[in-house]
Structure formats: structure tokens, C-alpha cells
Amino acid sequence: ALMRDGLVGSITDDQRGFLDIISDRADDLNTMVDDMLDVGRLEAGRLGAWRKRCAVSKIIGRVRPALERKAIAKSIQLSIETEDDLPEVYCDDEKAARVLINLTVNAIKFCQEENRVRVTARKDPQSGGVIVAVADNGPGIDPAHRDEIFERFKQLNIDPRASCKGFGLGLNIAKVLVDLNFGDMDLQSTVGQGSTFTFTLPPADPIEVMRRWVRRLKSQTNEPPRVSLVSAQIDSATEAATLGDVDWYLNSLLRRNDLLFRIAACRWLLVVAASDEEVSQFLAGAHQTFDEVNRNRPQGPLPAVALHAHQAWSTGGRESEFWAAFREQMEVQEPAYA
């Protein structure tokens, strides 16, 4: 990148073109490594998410330069359009960006020269969240293979003469990451005309996020899962610079099926997929982690974090009690953290 941008000396247009190709291939390797690491975390049950309020424009802006470089290297016309005043969403922004990268790179990879790829983001009129779409006018996908393309280590219609290298993980990982963000993925495709992959991100509305979380939790087990609420609070006089570290600490406690809402500047609510006994173990682990963080923190110890566990509820017969308790915890007197 330093050579390509001319920071270590002038280069010719031909040299810049070759450096663009090198940068493009390095991006491919980074993506493949990330995908392989996520497969390992998924198999071990350790693929978690740091979900928070996010702006879709920032997610797209972060990956836009790399996608534009890749499109230029393949002579593909790439357009990226977002609606004005998109609502904030609640997601792991790094994983949402990975989904966008994987879908767009896949579209660019299988397009021929002079084809077009279009990325759009618009408000979801049903949920109030955001729908992101990646459309191309490439070869399209046969209906018989639409489920198969999301399988791990699967690639379809690969021309051995083409440079479509990879492990067949991009779409599989993208679908997993969309699910982790409580979204849905869809595919519309016509052979010979192109394909459009869409994925949704939930609005930054705790009630809507919780509805999706409960629905996802129920789909993973035959028994009605039990859930617990754990409130966390620190001294309101805590310096602003320290708040982000406390937020990081609380997020580090989350397991795959847990949630964290920052409901005010110094207050959080953890939603833990666990029974009363399991929550006791969770709190013991939280205190141990707190001590470890403070032992290794150069800036000095974190402020004391008061954790209070509420009773566990079943998402079966006592779900209404859980929703009442959740709404009560989310109603705070101090201004909500933005």
C-alpha cells in the first residue's frame, strides 16, 4: 500500500496496476484466513458476537475502499448506494462488514469483465431495521443449487481456467454471521441474468432484538430454554474514558447465546441463556475475569462493577413474566447512552 500510494517513491501506472493486484490478493488471503478461523470457532462453540448500536453507513464506509480496489482489478463496475436517514441497527459491526465483504467479493469473483455489481442499503419497512442487497448481472444460479451454495466447502460452476480460488466458505460463513446478528439472508437469481443476495440487520430497538433472540434460542433446542437477567452498574462519577473499558469487560463475559444492552451511561443489562444454577457459575466466572483484567491493566483497576442476578424464567410457560421483567429493567431514569 505504501508503494502503491507513492509514499516511498514515484511509480509508473503499470507498476501501480501490479501493486493493486498484489493488494487484492492479500485481501483475498485475509478473508480466507478469517473464514477458516470462524469455522474453527463455530465448531468449538466459541463464535460469539459483540453486538451494539451501529450506523450502517459506517459499516459500509469501512469496507468500501477494499471492495472498490477489487472491482477495479477485475474491471467490474461497482456502485454503492445507501438511503438517507437509515435507522441505527443493533449488531456486531465487524461481522456485518464481513458479510458485506463476502457477498460482494463473491459477486465480483464470478462476474465477467464489464459486468456490474450493485450494493444497496435501505430501510426495512416491516421491522424498522435495514436491508442490505448485493446484486450482479453475472451468470446466475440454477434453482437446483440455491441451497447447496450455502454449504461449507462448496463451489458451483467453477471454470478451471478462471482465477476463482477459495475454500467455498464465503457464503456459508456469511449466512452464519447474519444469523448471529439476528438477521435473515435471501437469494433471488435468474440463470443468465444475475443474482441478488440480501441480508437484514435488526433495528436498535431492544424489544425487537429480544423477540429475534428468543425466537433463535427456541429454534436451537427441543426444550423451552431458560433465561436470566443480570444487571450491571458502576459509579456514575466514573470518568468517561473508562466507560469503554467496562463495556469491553462485560462483552468479554458473553457466551454465544448471551446478550448485552447498554441502557445508560453507567448501566448495562445482560440477558443470559441460563438457569439459576448456571447464572451462579456465570457470576463466579465474571468475578474471576474481573480480577484477571485488573491484574493485567496498566492504567490501573477498573471501577467496581455491581452485578445483580434476577431469577430465571422459562421461555415456555412463564415467558410473559420474563418480558415484564425485561421491560422494567430497560426503563431507566437517567438519559440512555447513545
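Atom NZ of K123 has 12 or fewer heavy atoms from other residues, nucleotides or ligands within 6.0 Å. Within a 6.0 Å sphere centred on CD of E292, heavy atoms belonging to other residues, nucleotides or ligands number more than 12. Heavy atoms of other residues, nucleotides or ligands lying less than 6.0 angstrom from CD of Q299 number more than 12.
A donor-acceptor pair under 3.5 Å is formed between the side chain of T200 and the backbone N or O of D184. N181 places a side-chain N or O within donor-acceptor distance of the main-chain N or O of D92, the cut-off being under 3.5 Å. Panel note: side chain D5, backbone L7; no donor-acceptor pair is recorded below 3.5 Å.
Closest approach of V130 to A121, counting heavy atoms only: CG1-CB, 4.3 Å. Considering every non-hydrogen atom in both V99 and A174, the closest pair reads CG2-O, 3.6 Å. Smallest separation of non-hydrogen atoms from A133 and T198: CB-CG2, 3.6 Å. Between S228 and A274 the shortest heavy-atom distance is OG-O, 3.0 Å. The minimum heavy-atom distance linking P298 with N296 is given by the pair CD-O, 3.3 Å. Of all the heavy atoms in D276 and H310, the pair that sits closest is OD1-O, 4.5 Å.
Note that CZ of R262 and CG of L250 are 9.5 Å apart. Values are rounded to the nearest 0.5 Å. Annotation: the span from L67 atom CG to R62 atom CZ amounts to 12.5 Å, rounded to 0.5 Å. Rounding to the nearest 0.5 Å places CG of D186 at 5.0 Å from CD of Q188. Rounded to the nearest 0.5 angstrom, R255 CZ and E278 CD are separated by 6.5 Å. The line from CE of M330 to CG of L269 is 6.5 Å long, rounded to the nearest 0.5 Å. Taken to the nearest 0.5 Å, the CG atom of L253 stands 9.5 Å off from the CG atom of L283.
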Might you work through the salt bridge (Lys or Arg N to Asp or Glu O under 4.0 Å) test for E88 and K52, ending with a clear yes or no?
CA-CA 10 Å; E88 283 192 311; K52 51 187 176 295; over 6 Å; no

Could you go step by step and tell me if Y90 and F182 meet the ring pair (Phe, Tyr, Trp, His ring centres under 6.0 Å) rule?
CA-CA 9 Å; Y90 183 82; F182 309 135; 7.4 Å; no

Residues D13, Q15; criterion side chain to side chain donor-acceptor pair (under 3.5 Å); working and verdict
CA-CA 5 Å; D13 290 341; Q15 289 170 332; over 6 Å; no

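Ion pairing between a basic and an acidic side chain is recognised when a charged N comes within 4.0 Å of a carboxylate O; D245 and R297 show such pairing. A salt bridge does not link E83 with R122: every distance from a Lys NZ or Arg NE/NH1/NH2 to an Asp or Glu carboxylate oxygen is 4.0 Å or more. D93 and K58 are not joined by a salt bridge, as no carboxylate oxygen comes within less than 4.0 angstrom of a charged side-chain nitrogen.
For the residue pair W50 / N251, a side-chain donor-acceptor distance below 3.5 Å is found, with atom types taken as modelled. A donor-acceptor contact closer than 3.5 angstrom is absent between the side chains of N257 and W213. Between the side chains of T238 and D235, no donor-acceptor pair of N or O atoms lies under 3.5 Å.
Under a hydrophobic clustering in which Ile, Leu, Val, Met, Phe, Trp and Tyr are joined whenever their side-chain heavy atoms come within less than 4.5 Å, directly or via other members, I59 and V117 fall into different clusters. Neither I72 nor V105 shares a network with the other; the hydrophobic side chains, linked directly or stepwise wherever heavy atoms of I, L, V, M, F, W or Y lie under 4.5 Å apart, form separate groups for each.
Residues passing the salt bridge (Lys or Arg N to Asp or Glu O under 4.0 Å) test with R116, sequence neighbours excluded: none.
A 4.5 Å side-chain heavy-atom check between V293 and W248 finds at least one atom pair inside the cut-off. For the pair C111 and K109, the minimum side-chain heavy-atom distance is 4.5 Å or more. Taking 4.5 Å as the limit, every side-chain heavy atom of T196 sits out of range of all side-chain heavy atoms of V134.
In this pair, F322 and F326 present their aromatic rings parallel. The plane angle is below 30°, not in the 30 to 60° band.
Among L217, V272, D258, V214, the single residue meeting the side chain to side chain contact (heavy atoms under 4.5 Å, CB included) criterion with V227 is L217.
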